[in-house]
Novice: 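Supplied in structure tokens, the structure appears directly below.
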Number of protein chains: 2
Amino acid sequence: MPAQLTEATTAPGCRVLGLRERKKQRTRDSLVDAAHRLFSSQGYARTTVDEIAAAVDVSQRTFFRYFENKEEVALAVMADAEDFFIDCLRRRPAEENPLQAMRASITEAWRSLGGMEQVGPGSVTAALELFELIETTPTLLAAHLRRTTEQERVVAGILAEREGLDPATDLRPRVLAAVFGAVVRISHLSWTSDAAAHEAGPDGMIALIERHFDQLGPALAGSWQR
Amino acid sequence: MPAQLTEATTAPGCRVLGLRERKKQRTRDSLVDAAHRLFSSQGYARTTVDEIAAAVDVSQRTFFRYFENKEEVALAVMADAEDFFIDCLRRRPAEENPLQAMRASITEAWRSLGGMEQVGPGSVTAALELFELIETTPTLLAAHLRRTTEQERVVAGILAEREGLDPATDLRPRVLAAVFGAVVRISHLSWTSDAAAHEAGPDGMIALIERHFDQLGPALAGSWQR
DNA sequence: TTGCCGAATGTCAGTGACTGTCATAATCTC
DNA sequence: GAGATTATGACAGTCACTGACATTCGGCAA
């Protein structure tokens, strides 16, 4: 039955995966979902991997085939968002200068992710909950910071390529990527304690990042006036 | 015999601690020392806490009374160095502007720490080894990044106080502290792969940090020229 | 010196994250 | 539908870390 086979592998949009792949995607999503529910109800530390696995009815061993460790399942949606940002950056027109491209990319990323779904794991309220979970859980914060610095390395590579520079020689890509990462991070931090910014949805976050960016010049300036 | 008591508690320089305190300090130092030796010979992951404890002839339980976790013993000397930097910053004259004070503080910190001992846990070669250990060990890198961001919060507080600002309102202290942290971090990273910089000792590190700082302006500038 | 108090340490048992291994069961391919 | 792949489960084991309790050691006063 070649017809069925073709249907399974090359159907609508050439994107329909086989049953195996779909099933895997489903369990993975379920695990992320169950984990978030448990974390937010009992806290991260008081939730065991066994519980998460049991909630999805798979063995603990299977959990660890999907995620390297307990932190990864908590940070999965954040990781996806960061990958999305990277994709945006790769697609920015070459005319933009590095800083413009980066600012445009986060804006773009927050707009599309925020607009995707009003509820569920991609929603703004879910993001807020996740940020708070991360900030209040030392081990999660540590894992998250490691992830983001890894992304900074990738970003620096993209910037260097855009400008046709050798990242080993020229320090600017690394420096800019690191500064950008720092600004985004403290913006996230401010966002968690800024009720007005949540209300505004993704635009609130974007505005906050812009405000922090605008303080870069003044902060680096010689002396501060009150 | 009050004489002996006084001698034990208020002898030369009024700094001699009791036997109990001295013993604690000694075991702690020994643990850090043994840990570093084991980590550098067998690697971090392949060294168990039991081994470290056994090398100093204490129980595993005692190890965990000195250090919250395995990462902490590896990062202990780095943590001390950071605390020293904080102290330097606190002591900087009020006339200096924030950026000047920070740059002066790392320079000061590296000079005195580097000049302290030519060999041993405080030496430049030991620092290099430690940096490499951290960068090649994901869990150590994560813990280290968490520590440094915590220090950034402290630094931001000091800066705000120096300038008489409310850190909740004014974004500049946080932004500057974060940018500073980012610059220092990538400088450390460059240092590990820059043989010439090791030779120069602390001054090599200081020069690297200065170079990265000098790229801040250009990196943030509109467009980059090759 | 003696004896008491509190702090430091050791012992032991337990939990939970994570890994290797092998058997089994589910998909995929032909 | 047979056979090759691949996902999963079951099980045992290691290791980081913790609570509880007994013991020992240093600090101090009678």
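Chain identifiers are assigned alphabetically (A, B, ...) following the order of the sequence lines, protein sequences preceding nucleic acid strands; residue numbering begins at 1 within each chain. Any value given below was found using the heavy atoms of this structure, including those in side chains, with hydrogens, waters and symmetry copies removed.
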Novice: Once you round it to whole Å, what is the distance between P of dT11(C) and CZ of Phe63(B)?
Specialist: 17 Å
Novice: Look at the side-chain N and O atoms of Tyr66(B) and state whether any lies under 4.0 Å from the OP1 or OP2 oxygen of dA8(C).
Specialist: no
Novice: Reckon Thr139(B) touches a base, only the sugar-phosphate, or nothing at all at heavy-atom distances under 4.0 Å?
Specialist: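 Here Thr139(B) touches no strand at all.
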Novice: Please determine, for the side chain of Thr48(A), which listed nucleotide (dA16(D), dG16(C), dC17(D)) has the closest atom?
Specialist: dG16(C)
Novice: What is the distance from CZ of Phe64(A) to P of dA7(D), rounded to the nearest Å?
Specialist: 18 Å
Novice: So, does Ser59(A) get its side chain near the phosphate of dA10(D), meaning an N or O under 4.0 Å from OP1 or OP2?
Specialist: no
Novice: For a side-chain contact (heavy atoms from CB on, under 4.5 Å) with Ile206(A), tell me which candidate from Arg103(A), Arg111(A), Arg211(A) qualifies.
Specialist: Arg111(A)
Novice: Let's test your reading of the model: under 3.5 Å, does the base of dG16(C) pair with the side chain of Arg46(A) as donor and acceptor?
Specialist: no
Novice: How close do Ala55(B) and Ala34(B) get, heavy atom to heavy atom, and via which atoms?
Specialist: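 Taking Ala55(B) first and Ala34(B) second, the nearest heavy atoms are CB-CB, 4.0 Å.
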Novice: Of the listed nucleotides (dC17(D), dT8(D), dA17(C)), which one gets closest to any side-chain atom of Gln60(B)?
Specialist: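 Comparing dC17(D), dT8(D), dA17(C) against the side chain of Gln60(B), the answer is dC17(D).
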Novice: Can you tell me the distance, in whole Å, between the NZ atom of Lys70(B) and the P atom of dA17(C)?
Specialist: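 The answer, rounded to whole Å, is 18 Å.
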Novice: To the nearest Å, give me how far apart CD (Gln42(B)) and C1' (dC15(D)) are.
Specialist: 14 Å
Novice: Run Phe85(A) and Trp110(A) through side-chain contact (heavy atoms from CB on, under 4.5 Å) and show every step you take.
Specialist: CA-CA 9 Å; Phe85(A) 163 79; Trp110(A) 270 93; over 6 Å; no
Novice: Out of dA16(D), dT8(D), dA26(C), which has the shortest distance to the side chain of Arg20(A)?
Specialist: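 The answer is dA26(C).
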Novice: Let's see if you can work this out: which of dC25(D), dT21(C), dC21(D) has an atom nearest to the side-chain heavy atoms of Arg61(A)?
Specialist: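 Taking heavy atoms from C-beta onward, the closest nucleotide is dT21(C).
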Novice: What is the separation between atom CD on Glu21(A) and atom P on dT6(D), rounded to the nearest whole Å?
Specialist: 11 Å
Novice: Between atom CG in Asp50(A) and atom C1' in dG9(D), what is the gap in whole Å?
Specialist: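 These atoms are roughly 13 Å apart.
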Novice: Please tell me if Lys24(B) has a side-chain N or O lying less than 4.0 Å from either OP1 or OP2 of dA8(C).
Specialist: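 Checking dA8(C) against Lys24(B), a side-chain N or O does come within under 4.0 Å of OP1 or OP2.
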Novice: Check the distance between dC17(D)'s P and Ile52(B)'s CD1 and give it to me in whole angstrom.
Specialist: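 Going from Ile52(B) (CD1) to dC17(D) (P), I get 10 Å.
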Novice: Please give me the minimum heavy-atom distance between Ala101(A) and Arg92(A), naming the atom from each residue.
Specialist: O-CG, 3.7 Å
Novice: Atom SG of Cys88(A) and atom CG of Asp83(A): how far apart are they, to the nearest 0.5 Å?
Specialist: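 Reported to 0.5 Å precision, the distance equals 11.0 Å.
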Novice: Please report, rounded to the nearest Å, how far the P atom of dA16(D) is from the CD atom of Glu71(A).
Specialist: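 Going from CD in Glu71(A) over to P in dA16(D) covers 16 Å.
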Novice: Side chain of Lys23(A): nearest nucleotide among dA16(D), dT27(C), dA17(C)?
Specialist: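 The nucleotide sitting nearest to the side chain is dT27(C).
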